[in-house]
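I have placed the structure first, in the form of structure tokens, so that the comments after it can refer back to it.
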Number of protein chains: 2
Amino acid sequence: MSRTPLHPTREQIELPMVLDCLSDPIRLAIVYQLAQQERVSSELCCGDFSGLAGKSNLAYHFAKLRECGLMLTRVAGTNRFMRLRREDLDARFPGLLDAVINSAAKDADRLQLWPECEVVQGE
Amino acid sequence: MSRTPLHPTREQIELPMVLDCLSDPIRLAIVYQLAQQERVSSELCCGDFSGLAGKSNLAYHFAKLRECGLMLTRVAGTNRFMRLRREDLDARFPGLLDAVINSAAKDADRLQLWPECEVVQGE
DNA sequence: CCCTATGTTCAACGTTTATTGAACTATTGA
DNA sequence: TCAATAGTTCAATAAACGTTGAACATAGGG
């Protein structure tokens with residue numbers, strides 16, 4: 001198990017890859033939930049997304065999100081804590097992430113985004 | 001040849017499909033060039049994109065762009081004139097199209113977007 | 001009326017993608 | 001030390017995707 005997963009530098013983040021990454025419903029849901037966590041400046045770990053797909057399938061989507069530069073993974077013991085690369089994304093593509101997240105929020109029921117049901121944390 | 005291609009209604013436009021459509025470099029270039037034409041409120045026809053790919057490949061991408069609700073095709077004689085569905089997209093996903101187009105403009109060289117070279121019109 | 005220009009449709013192809021379960025690695029706590 | 005927990009990696013599969021060329025449809029100009 002590699003200790004610290006590879007992430008692209010800010011300048012290596014490419015628009016088509018980001019859009020492709022966001023176009024998958026499961027990955028969009030992950031990004032959406034991470035965006036909700038931003039507001040309380042906390043992180044989520046893999047297990048918090050178990051409502052979206054199976055473990056190995058989630059690992060696949062996490063890798064995609066990491067490789068395209070959308071999120072950052074921090075290894076802490078047996079957990080992986082994740083957060084959006086907000087600053088890098090806003091610098092490279094101003095307004096894009098917010099537009100996507102707000103659009104997703106508008107269609108939350110259609111996209112089956114119910115973060116408040118899945119994300120239970122705080123204990 | 002069907003007289004008027006099918007387009008989704010405004011409400012049928014889905015975020016993941018739009019993002020997926022925009023994630024292909026050729027389609028992103030098409031959308032980018034259509035956005036440039038918006039500013040002089042004119043349309044482009046298929047032949048104007050011949051620098052991007054072969055005819056049948058372009059037809060494939062045009063169909064995708066139409067089916068996901070990104071653009072509108074108007075049949076006029078032997079030509080097809082196309083334009084962005086700006087109003088519908090802004091209504092469904094506020095700020096998204098502009099964010100994508102501005103981000104693409106920032107990376108114009110990396111994405112090989114050179115509309116002023118390809119799009120020669122006005123005669 | 002034919003010929004040309006414009007664009008679509010179709011079949012074929014190789015590639016990439018998402019999803020699954022099983023095997024694996026690493027860390028923590030008893 | 002042993003077992004449980006958290007997550008990754010791998011191989012296999014089926015579906016979707018992008019690209020190509022050939023055939024086709026349609027409209028307009030000589």
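- A straight line from OH of A:Tyr60 to C1' of C:dA18 spans 5 Å, rounded to a whole angstrom.
- Within the 4.0 angstrom heavy-atom criterion, no nucleotide atom of any strand lies near B:Gly54.
- At whole-Å resolution of the value, CD in A:Glu43 and P in D:dA6 are 17 Å apart.
- Counting non-hydrogen atoms under 4.0 angstrom, B:Asn57 reaches a base of the nucleic acid.
- Not a single donor-acceptor pair, N or O on each side, falls under 3.5 Å between the base of C:dG7 and the side chain of B:Thr78.
- When the C1' atom of D:dA25 is taken as reference, atom CZ of B:Arg80 falls 9 Å away, rounded to whole Å.
- For A:Asn79 and D:dG7, the shortest distance from a side-chain N or O to OP1 or OP2 is below 4.0 Å.
- Residues A:Asp20 and A:Lys55 both approach DNA chain C. Their nearest nucleotides, taken by heavy-atom distance, put A:Asp20 toward the 5′ side.
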Checklist entry - Checking side-chain contact (heavy atoms from CB on, under 4.5 Å) for the pair A:Val31/A:Met71: CA distance, chi angles, key distance, verdict? => result CA-CA 8 Å; A:Val31 166; A:Met71 74 179 206; over 6 Å; no
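- Side-chain polar atoms of B:Arg80 and B:Thr73 form no donor-acceptor pair below 3.5 angstrom.
- Regarding contacts with the backbone of C:dT17, every side-chain N or O of A:His61 stays at 4.0 angstrom or more from both OP1 and OP2.
- In this structure, B:Ile26 reaches the sugar-phosphate backbone alone: every heavy-atom distance under 4.0 Å involves primed, P, OP1 or OP2 atoms, never a base.
- Between the C1' atom of C:dA18 and the CG atom of A:Leu58 lies a distance of 12 Å, rounded to the nearest Å.
- In this entry the distance linking CZ of A:Arg74 with C1' of D:dG7 reads 15 Å, nearest Å.
- Using a 4.0 Å heavy-atom cutoff across all strands shown, B:Arg66 reaches sugar-phosphate atoms only and no base atom.
- A side-chain donor from one of B:His61 and B:Arg27 sits under 3.5 Å from a side-chain acceptor of the other.
- At least one side-chain nitrogen or oxygen of B:Arg27 sits closer than 4.0 Å to the OP1 or OP2 atom of D:dG18.
- Summarising the geometry, the separation between CG on A:Asp48 and C1' on D:dA6 is reported as 12 Å, rounded to the nearest angstrom.
- One can place NZ of A:Lys64 at 16 Å from C1' of D:dT8, the figure rounded to the nearest angstrom.
- In this structure, A:Glu67 atom CD and C:dT17 atom C1' are separated by 13 Å, rounded to whole Å.
- Comparing A:Ser56 and B:Gly47 against DNA chain C, the residue whose closest nucleotide sits nearer the 5' end is B:Gly47.
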Checklist entry - So A:Leu96 and A:Leu15, side-chain contact (heavy atoms from CB on, under 4.5 Å) or not? Walk me through it. => result CA-CA 10 Å; A:Leu96 179 63; A:Leu15 182 57; 3.8 Å; yes
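- Within a 6.0 Å sphere centred on CD of A:Gln112, other residues, nucleotides and ligands contribute 12 heavy atoms or fewer.
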